[in-house]
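The structure appears right after this line, and notes come after that.
In what follows, every heavy atom counts, from backbone to side chain, and hydrogens, waters and symmetry copies are set aside. Not measured: the values here are computed from a predicted model.
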Amino acid sequence: MSVISKTDFSEDQWKTLQRGLTGTGMLVSVVEPGVMDSFSESSALAKYLQNQRVAGRTKLMRELSMATGSGFGLTTNPNELRDGTLDALESAVGILSAKAPDELDPYRELVIGTATAVAEAKKGVSQNEEAAITAVRSALGMA
């Protein structure tokens with residue numbers, strides 16, 4: 001059994017996997033406006049990913065947790081962020097299904113864990129955050 005790692009993916013494929021992961025955190029964060037909430041949510045995202053660098057289910061998930069950017073800027077339109085993130089997640093499912101099918105469920109768990117950590121960072125999970133998580137689940141091919 002071989003261990004899948006970053007080196008098994010092209011640069012574009014790797015960026016897509018990371019964009020889906022970190023974009024999810026940003027997507028869940030922007031659905032509820034508020035500067036203070038954004039700071040708490042950004043901190044929750046960073047802490048979650050930092051924890052996953054050690055506790056991630058697979059080597060690939062630990063490597064993905066080292067993501068340092070999202071591919072989205074602070075001024076990205078929320079609709080572009082949503083569409084770009086969901087597109088990246090759908091592409092990530094295709095990439096992993098083709099190259100590393102055993103990594104698909106761990107990726108899904110990592111992404112949903114990221115979304116949940118951000119949503120729970122302040123005042124519990126709102127309806128808007130829950131709707132964003134539902135859209136993420138759908139893009140990941142989850143029921």
In Å, rounded to the nearest 0.5 Å, how long is the span from CD of E80 to OG1 of T85? 11.0 Å

Single-linkage hydrophobic cluster, 4.5 Å side-chain cutoff, M142 and V136 together: yes

Can you check whether L60 reaches D8 side chain to side chain, under 4.5 Å on heavy atoms? no

Any chance you could lay out the side chain to side chain contact (heavy atoms under 4.5 Å, CB included) test for M61 and E103, step after step, and finish with the verdict? CA-CA 8 Å; M61 296 309 111; E103 296 290 342; 3.4 Å; yes

Under a 4.5 Å cut-off applied to non-hydrogen side-chain atoms, are F9 and I4 in contact? yes

Just wondering, more than 12 heavy atoms not from K99 lying within 6.0 Å of its NZ? yes

Between I112 and R137 the two heavy atoms that sit nearest each other are CD1-CG, 3.6 Å

Please tell me if the side chains of E130 and T134 come closer than 4.5 Å, counting only heavy atoms from C-beta onward. yes

Would you say the side chain of L64 lies within less than 4.5 Å of the side chain of Q18, judging by non-hydrogen atoms? yes

Is the shortest heavy-atom distance from the side chain of T58 to the side chain of V3 under 4.5 Å? no

Looking only at heavy atoms, which two atoms of T24 and A115 are closest? And how far apart? CG2-CB, 3.6 Å

Let me see the working for W14 and I95 under side chain to side chain contact (heavy atoms under 4.5 Å, CB included), right down to the final yes or no. CA-CA 9 Å; W14 189 253; I95 291 166; over 6 Å; no

Between Q13 and L17, does the side chain to side chain contact (heavy atoms under 4.5 Å, CB included) criterion hold? Intermediate values first, please. CA-CA 6 Å; Q13 289 171 329; L17 295 172; 5.5 Å; no

Do you know the tightest heavy-atom contact between A44 and A117? CB-O, 3.6 Å

Worked verdict on L45 versus S29 for side chain to side chain contact (heavy atoms under 4.5 Å, CB included): CA-CA 9 Å; L45 174 61; S29 181; over 6 Å; no

Closest non-hydrogen contact found for R108 with G141 is NH2-O, 3.9 Å

Taking the side chain as every heavy atom from C-beta outward, state whether E41 and E129 have any pair of such atoms under 4.5 Å apart. yes

Separation between OG of S43 and CD of Q50, rounded to the nearest 0.5 Å: 9.5 Å

Tell me, do R62 and R53 make a side-chain contact under 4.5 Å, heavy atoms counted? no

Closest approach of E90 to A139 (non-hydrogen atoms, all atoms of both residues): CG-O, 3.5 Å

Are L140 and V31 connected in the hydrophobic side-chain network, where two residues link if heavy atoms are under 4.5 Å apart? no

Locate the shortest heavy-atom distance separating V118 from G25; write the atom from each residue and the value. CG1-O, 3.6 Å

Do the non-hydrogen side-chain atoms of S65 and L110 ever get within less than 4.5 Å of each other? yes

Donor-acceptor pair, side chain of T16 and main chain of D12, under 3.5 angstrom: yes

Answer yes if L104 and L86 sit in the same cluster of Ile, Leu, Val, Met, Phe, Trp and Tyr residues linked by side chain heavy atoms under 4.5 Å apart, and no otherwise. yes

